[in-house]
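Per chain, numbering begins at 1; letters A, B, ... match sequence-line order.
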Number of protein chains: 2
Amino acid sequence: MSAITTDTVELGLQITDETCCVPASGDKVLQFAEAELLAARFKALSDPNRLRILSIVSSSEELETCVCDLSEPLGLKQPTVSHHLKILVDAGILHREKRGVWAYFSVVPGALESLASSLLPKN
Amino acid sequence: MSAITTDTVELGLQITDETCCVPASGDKVLQFAEAELLAARFKALSDPNRLRILSIVSSSEELETCVCDLSEPLGLKQPTVSHHLKILVDAGILHREKRGVWAYFSVVPGALESLASSLLPKN
DNA sequence: TACAGAGATTGACAAACGTCGATATAGACA
DNA sequence: TGTCTATATCGACGTTTGTCAATCTCTGTA
C-alpha cells in the first residue's frame with residue numbers, strides 16, 4: 001500500500017435525472033478512482049485502535065508521540081502499534097520523524113480537516 | 001451488526017504528560033467503546049462503491065434514490081448494492097423508506113456533518 | 001386466488017485485515 | 001569492534017469483508 005497525497009475529493013455532486021430507475025448520468029458522479037483514494041483514507045480511520053492512536057498523538061503536549069507511548073495505553077504489542085502507525089502514515093494522516101532511536105509521530109496539518117471537508121456538500 | 005445512533009465523539013482530547021515513554025493518562029484519551037462506535041461509522045465510508053452510492057444519493061434531484069438507480073452506474077449486482085445500502089443505513093448515514101415495491105434512500109440530515117466534526121479538534 | 005417484479009436474505013468463496021511471536025535493522029554508546 | 005535498545009518487517013493465524021447466484025419476502029395488479 002503506498003502513501004496517499006491527493007487532496008479533497010468532493011461528494012456533493014449533481015445529476016440530472018428525475019424518474020425512478022433511470023440511472024444517474026455517469027458524468028458528475030464520484031468516479032471509482034477518486035472514490036478509491038477517499039475510501040483508503042477513511043479505511044485508515046475505520047479501526048478503533050487507530051482512532052485512539054490519533055487521539056493520543058493529537059492531544060500530546062508537544063504534539064509528538066513515540067511508539068513506546070502508545071503500546072501500553074492501547075493494550076497492543078509493539079508490532080501491532082507499528083503496523084497501525086504505518087497505515088496512518090501511508091494514508092497521509094500522520095507524519096513520522098525519526099530522531100536517534102526514537103520515532104516521533106504527529107498529525108499532518110490539515111489532513112483531518114481536508115478529510116472532514118470531503119464529507120460536506122458544496123465544499 | 002446493529003444500527004448506530006449515537007452522535008459526535010470527540011477526537012481532540014488533552015493529556016498531561018511531557019516526557020517520552022510515559023504513557024498518556026488513560027483519563028482523557030478516547031476510550032475503546034467510543035472509538036469503536038466512531039470507527040464503525042468510518043468503516044461504512046471505507047469502501048469506494050459506498051462512497052459512490054453516497055455521491056449518487058446525495059446529488060439526486062429529489063434527494064432520494066431507489067436501488068434500481070444504483071446497480072447500473074455502479075456496475076454491481078442487485079444483492080451487492082443492497083448489501084452496501086444496509087451497511088450505510090446501519091451506520092446511520094442513509095435513511096431507507098419503502099414506498100410500495102420500491103425502496104427510496106436519502107442521506108440522514110446532519111449525519112455526514114456530525115462525522116466530519118468528529119475529525120476536527122475542539123469540536 | 002395467482003402472478004410478476006423490487007428488494008432483502010442466505011450461503012459460498014477469495015481477498016483483505018488485525019494481531020502477535022520471531023527476526024531484522026539501525027542508532028547510541030562503550 | 002560489540003552490545004543494548006527502539007522500531008520495522010516477516011510469517012502465520014483466525015476473523016472480517018466484498019461479491020454474486022440462488023432464494024425468499026412482500027407489494028401491486030389481474
Side-chain angles (χ1 to χ4, degrees), chain A residues 1-3 19-23 32 35-36 39-54 56-57 64-91 94-106, chain B residues 1-3 19-23 32 35-36 39-54 56-57 64-91 94-106:
Chain A
M1 200 180 289
S2 57
T19 56
C20 183
C21 293
V22 178
F32 192 82
E36 247 184 338
R41 300 203 287 166
F42 283 123
K43 186 169 291 180
L45 300 178
S46 74
D47 179 89
N49 285 318
R50 287 200 287 274
L51 290 179
R52 298 185 76 202
I53 287 175
L54 274 183
I56 294 173
V57 170
E64 294 195 26
T65 316
C66 65
V67 178
C68 49
D69 283 333
L70 296 168
S71 191
E72 191 191 304
L74 293 173
L76 296 174
K77 301 295 181 182
Q78 176 265 322
T80 306
V81 174
S82 210
H83 167 72
H84 285 312
L85 286 167
K86 178 170 167 39
I87 288 173
L88 288 168
V89 168
D90 285 348
L94 283 189
H95 170 73
R96 160 187 282 130
E97 187 186 353
K98 197 111 186 239
R99 287 207 295 272
V101 188
W102 286 272
Y104 293 89
F105 293 85
S106 55
Chain B
M1 200 179 290
S2 57
T19 57
C20 181
C21 294
V22 178
F32 192 83
E36 249 185 336
R41 299 203 286 166
F42 283 122
K43 185 169 294 181
L45 300 179
S46 72
D47 180 89
N49 285 317
R50 287 199 288 274
L51 290 180
R52 299 186 75 203
I53 287 174
L54 274 183
I56 294 173
V57 170
E64 294 195 26
T65 315
C66 65
V67 177
C68 48
D69 282 333
L70 296 168
S71 191
E72 190 191 305
L74 294 173
L76 296 174
K77 299 295 181 181
Q78 176 265 324
T80 306
V81 174
S82 211
H83 168 73
H84 286 311
L85 286 167
K86 177 170 167 38
I87 289 173
L88 289 168
V89 169
D90 285 349
L94 283 189
H95 170 73
R96 160 188 283 131
E97 187 187 352
K98 198 111 186 239
R99 288 207 294 272
V101 187
W102 286 273
Y104 294 89
F105 293 85
S106 55

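Contact between B/Thr65 and B/Ile56 at its shortest, heavy atoms only, is OG1-O, 4.1 Å. Pairing each heavy atom of B/Phe105 with each of B/Arg96, the nearest pair is CZ-NE, 3.4 Å. Across all their heavy atoms, B/Cys66 and B/Cys68 have their closest contact at SG-SG, 2.6 Å.
Counting any heavy atom pair closer than 4.0 Å across all strands shown, B/His83 reaches a base atom.
The interatomic distance linking A/Leu88 (CG) with C/dC17 (P) rounds to 14 Å, in whole Å. Between the CG atom of B/Asp69 and the C1' atom of C/dA6 there is a distance of 12 Å, rounded to whole Å. Atom CG of A/Asn49 is separated from atom P of C/dG18 by 10 Å (rounded to the nearest Å). Atom C1' of nucleotide D/dT19 and atom NZ of B/Lys86 are separated by 17 Å, given to the nearest angstrom. Distance B/Ile87 CD1 to C/dT9 P: 12 Å, rounded to the nearest Å. At whole-Å resolution of the value, CD in B/Glu97 and P in C/dA6 are 19 Å apart. We find that CZ of A/Arg52 is positioned 16 Å from P of C/dG18, with the value rounded to whole Å. The CH2 atom of A/Trp102 sits 14 Å away from the P atom of D/dA8 (whole-angstrom rounding).
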Summary of protein contacts for nucleotides 22-30 of chain D, nucleotide by nucleotide, where a base hit scores B, a sugar-phosphate-only hit scores S (4.0 Å, heavy atoms): B----SS--
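Checked against C/dG18, D/dT19, D/dA8, the side chain of B/His84 finds its nearest nucleotide in D/dT19. Checked against D/dT7, C/dG7, C/dG18, the side chain of A/Arg50 finds its nearest nucleotide in C/dG18. Taking only side-chain atoms of B/Leu76, from C-beta outward, the nucleotide of C/dG18, D/dG18, D/dC20 with the closest atom is D/dC20.
The closest side-chain heavy-atom distance from B/Leu45 to B/Leu54 is below 4.5 Å.
Applying the side-chain contact (heavy atoms from CB on, under 4.5 Å) criterion to B/Pro79, with sequence neighbours excluded, gives B/Lys77. For A/His84, the side-chain contact (heavy atoms from CB on, under 4.5 Å) criterion is met by A/Asp47, A/Asn49, A/Arg50, A/Ile53, A/Leu76, A/Thr80, not counting sequence neighbours. Residues meeting the side chain to side chain donor-acceptor pair (under 3.5 Å) test with B/Gln78, sequence neighbours left out: none.
Taking 4.0 angstrom as the limit, B/Arg96 places a side-chain polar atom (N or O) nearer than this to OP1 or OP2 of C/dA8. Contact annotation: B/Ser82 side-chain N/O to C/dG7 OP1/OP2 distance is not under 4.0 Å. Neither OP1 nor OP2 of D/dT16 sits under 4.0 Å from any side-chain N or O of B/Lys43. For the OP1/OP2 pair of D/dC20 and a distance below 4.0 Å, the side-chain nitrogens and oxygens of B/Thr80 include at least one atom meeting the criterion.
Nearer the 5' end of DNA chain C, as judged by each residue's closest nucleotide, is the contact made by B/Leu85, out of A/Ser46 and B/Leu85.
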